[in-house]
Undergrad: 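The structure's right below; bear with me while I get my questions together.
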Protein chains: 2
Amino acid sequence: MTPAGLHYLLIHFDVPFVTSADHWTLDIAGCVSTPKRWTMADIRALPQKTLRVTLECAGNGRAKFSPRLVSQPWENGAVGTAEWTGTPLRHVLEQAGITDKAVDVVFYGTDRGFDGGSEHNYGRSLKPDAAMSEDVLLVQAMNGQPLLPQHGFPLRLLVPGWFGMASVKWLNRIEVIDTPFQGHQQVKTYVYRKDSNDKGIPVSHLRVKSLLVPPGIPDWYTRRRLVEHGTVEVTGRAWSGAGVPIAKVEFGVDGHWQDATLDTEAGPYAWRGWRATWQATPGEHELSCRATDTAGNVQPLETPWDMGGFGNNVVHRVAVTVR
Amino acid sequence: MTPAGLHYLLIHFDVPFVTSADHWTLDIAGCVSTPKRWTMADIRALPQKTLRVTLECAGNGRAKFSPRLVSQPWENGAVGTAEWTGTPLRHVLEQAGITDKAVDVVFYGTDRGFDGGSEHNYGRSLKPDAAMSEDVLLVQAMNGQPLLPQHGFPLRLLVPGWFGMASVKWLNRIEVIDTPFQGHQQVKTYVYRKDSNDKGIPVSHLRVKSLLVPPGIPDWYTRRRLVEHGTVEVTGRAWSGAGVPIAKVEFGVDGHWQDATLDTEAGPYAWRGWRATWQATPGEHELSCRATDTAGNVQPLETPWDMGGFGNNVVHRVAVTVR
């Protein structure tokens with residue numbers, strides 16, 4: 001679990017200034033039989049569930065691209081795991097009654113601004129089938145406490161197994177529409193593209209990935225690590241998307257791989273701990289880790305090119321000096 | 001008050017991995033009559049107090065320097081206010097009995113690493129008089145909850161009125177020494193210097209400063225603001241160092257200044273809210289704010305040069321487009 005305040009944030013515009021949940025409402029409109037304005041109390045009265053979910057920014061690892069899109073130059077830190085408590089969205093959608101015309105379910109936050117000349121509230125859509133999943137939640141609590149302002153207080157969407165952009169924060173409007181959603185954050189930004197002529201593929205599920213906790217102590221500027229020689233217990237985390245379990249993690253030293261030991265699973269959407277023992281000998285070494293999921297997806301050895309810097313799940317490498 | 005997770009962090013090395021406070025100890029040694037190892041329970045048994053304190057990184061505003069030291073390129077965000085609960089350090093020092101030979105009281109965290117080729121635990125010192133202040137605390141709680149790992153769990157120093165580097169986190173050792181402390185973080189890093197030949201002046205108290213909450217909505221990349229014309233309530237915060245109160249805040253529009261209204265004081269070490277009304281007319285405008293403290297210190301209109309990028313308290317300027 002990621003402590004409060006160490007979970008990554010990607011906020012396109014401003015954190016809305018909301019001092020109380022009392023007057024927050026959620027509107028459901030469009031291709032539904034019964035449009036409705038929900039209060040927070042209405043939503044809380046529905047069945048609640050808690051899921052442990054790893055969220056990762058689609059741009060995590062962007063710093064490793066060259067050339068690199070002018071956006072967040074994340075190294076590896078834009079990932080975190082929390083326990084989210086809320087109501088399955090389907091309860092609300094079932095009461096609304098999605099009609100046969102529905103093509104997309106669109107979620108809007110109150111955060112508003114400009115991107116590429118387009119003024120809009122942050123908005124993302126899901127296909128009706130995905131929106132009806134038992135695990136897509138209307139969340140009011142994170143780690144047993146009310147949502148922090150920067151995590152979407154008082155209400156956010158949570159779409160487990162997807163990159164973070166799908167989990168719309170400060171949610172106050174759901175619109176069911178009869179044409180594919182063309183919002184800026186759906187069709188302009190979060191799209192895998194090889195070049196600017198590429199129509200592209202929408203970013204959706206997390207990709208299989210792992211990280212290792214850099215052992216030893218760092219240098220302030222370079223972040224290079226110094227490790228004492230001898231037996232070193234190396235630990236890390238691994239996850240994949242769409243609820244696909246991790247099959248194995250390999251731990252690498254200077255390009256030689258060994259199977260790591262997997263910790264107990266913490267749920268279908270949460271990262272899984274792993275550990276490996278390393279006999280560290282004096283000199284320069286490169287540590288790495290590589291995860292494979294049960295669908296056979298494996299992390300690539302080289303960064304898969306993407307113009308927007310999305311979906312970088314290259315193996316994690318950490319340079320260390322052993323003394 | 002800054003919500004958990006939005007308070008700035010400046011962590012030189014790694015966040016130490018501490019899962020429980022039960023076995024944490026604090027050693028006091030050196031020029032004292034009674035060296036002692038304190039447990040957390042020992043410290044908690046001493047009188048407790050809670051202070052609302054604004055902490056600011058000495059490097060806040062470094063991004064505005066040119067040329068700029070290779071370090072955190074903070075814009076304005078490295079400042080926050082929290083309620084800190086702990087024991088006045090003097091209780092512990094009195095029981096230890098500082099001897100006449102004492103020149104510096106040195107505080108060490110367990111965070112360790114390299115900086116400029118020097119391997120060290122993060123360490124900072126205070127003069128004995130400053131260390132005996134009633135408001136220098138051994139802190140175990142922030143905003144009524146146990147310290148978060150990244151804020152120094154389970155024990156940190158808090159030195160109100162000083163830049164953040166004085167408030168040593170993960171504190172486990174206090175050494176009273178009979179010569180001026182020459183630690184890397186005391187004499188090498190946090191020093192105002194005009195150039196590399198300058199012996200310099202140690203960074204200590206916060207400088208008078210203010211910020212304004214950018215009104216309107218932002219552009220994602222440029223962060224430029226769009227504001228609707230008409231009456232706009234502009235708000236912000238102002239603070240100074242060493243417990244010196246704010247005397248006034250001026251709000252500027254295109255270089256024309258008016259006095260802002262100060263909110264109620266929230267304590268000698270906490271930032272103070274201010275507000276001003278602006279009749280926004282269509283076009284391009286520059287908003288700014290400038291604080292003056294009761295000692296007569298006033299924010300400069302131009303960034304005061306410093307080689308390390310420390311102590312930048314230039315007036316805050318925000319460019320806005322009004323429509």
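Quick note on labels: first sequence line is chain A, next is B, and so on, each numbered from 1. Keep in mind that this is a model prediction, so the values were computed, not measured.
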Undergrad: Side chain, backbone, both or neither: which part of A:L226 has a heavy atom under 4.5 Å from chain B?
TA: side chain
Undergrad: Heavy-atom distance under 4.5 Å to chain A: side chain of B:R224, backbone, both or neither?
TA: neither
Undergrad: Using non-hydrogen atoms only, which part of B:Y221 is less than 4.5 Å away from chain A: side chain, backbone, both, or neither?
TA: side chain
Undergrad: Can B:F13 and B:H120 be said to form a ring pair (Phe, Tyr, Trp, His ring centres under 6.0 Å), step by step?
TA: CA-CA 10 Å; B:F13 306 127; B:H120 58 275; 5.4 Å; yes
Undergrad: Here's one to test your reading of the geometry: is the NZ or CZ of B:R124 within 45 degrees of the ring axis of B:F181 and under 6.0 Å from its centre?
TA: no
Undergrad: So A:W278 and A:H285, would you call those rings parallel, tilted or perpendicular, with 30° and 60° as cut-offs?
TA: perpendicular
Undergrad: Let me know if B:P218 has heavy atoms under 4.5 Å from chain A in its side chain, its backbone, both or neither.
TA: both
Undergrad: What part of B:T222 gets closer than 4.5 Å to chain A, counting heavy atoms only: side chain, backbone, both or neither?
TA: neither
Undergrad: Applying the side-chain contact (heavy atoms from CB on, under 4.5 Å) criterion to A:Y122, which one of A:D115, A:L171, A:D111 satisfies it?
TA: A:D111
Undergrad: Heavy atoms only, distances under 4.5 angstrom: which of B:D14, B:V70, B:V213 has the most pairs with chain A? Name it, please.
TA: B:D14
Undergrad: Rounded to the nearest 0.5 Å, what separates atom OG in B:S210 from atom CZ in B:R272?
TA: 13.0 Å
Undergrad: Check whether any side-chain N or O of A:R223 sits under 3.5 Å from a backbone N or O of A:W220 as a donor-acceptor pair, and report yes or no.
TA: yes
Undergrad: Given that the side chain runs from C-beta out, which part of A:L148 has a heavy atom under 4.5 Å from chain B: side chain, backbone, both or neither?
TA: side chain
Undergrad: Among B:H151, B:H7, B:R323, which residue forms the greatest number of heavy-atom pairs with chain A at distances under 4.5 Å?
TA: B:R323
Undergrad: With a 4.5 angstrom heavy-atom cut-off, could you sort out which part of A:R225 is near chain B: side chain, backbone, both or neither?
TA: side chain
Undergrad: Output yes when A:D263 and A:R275 qualify as a salt bridge under the 4.0 Å nitrogen-oxygen rule, no when they do not.
TA: yes
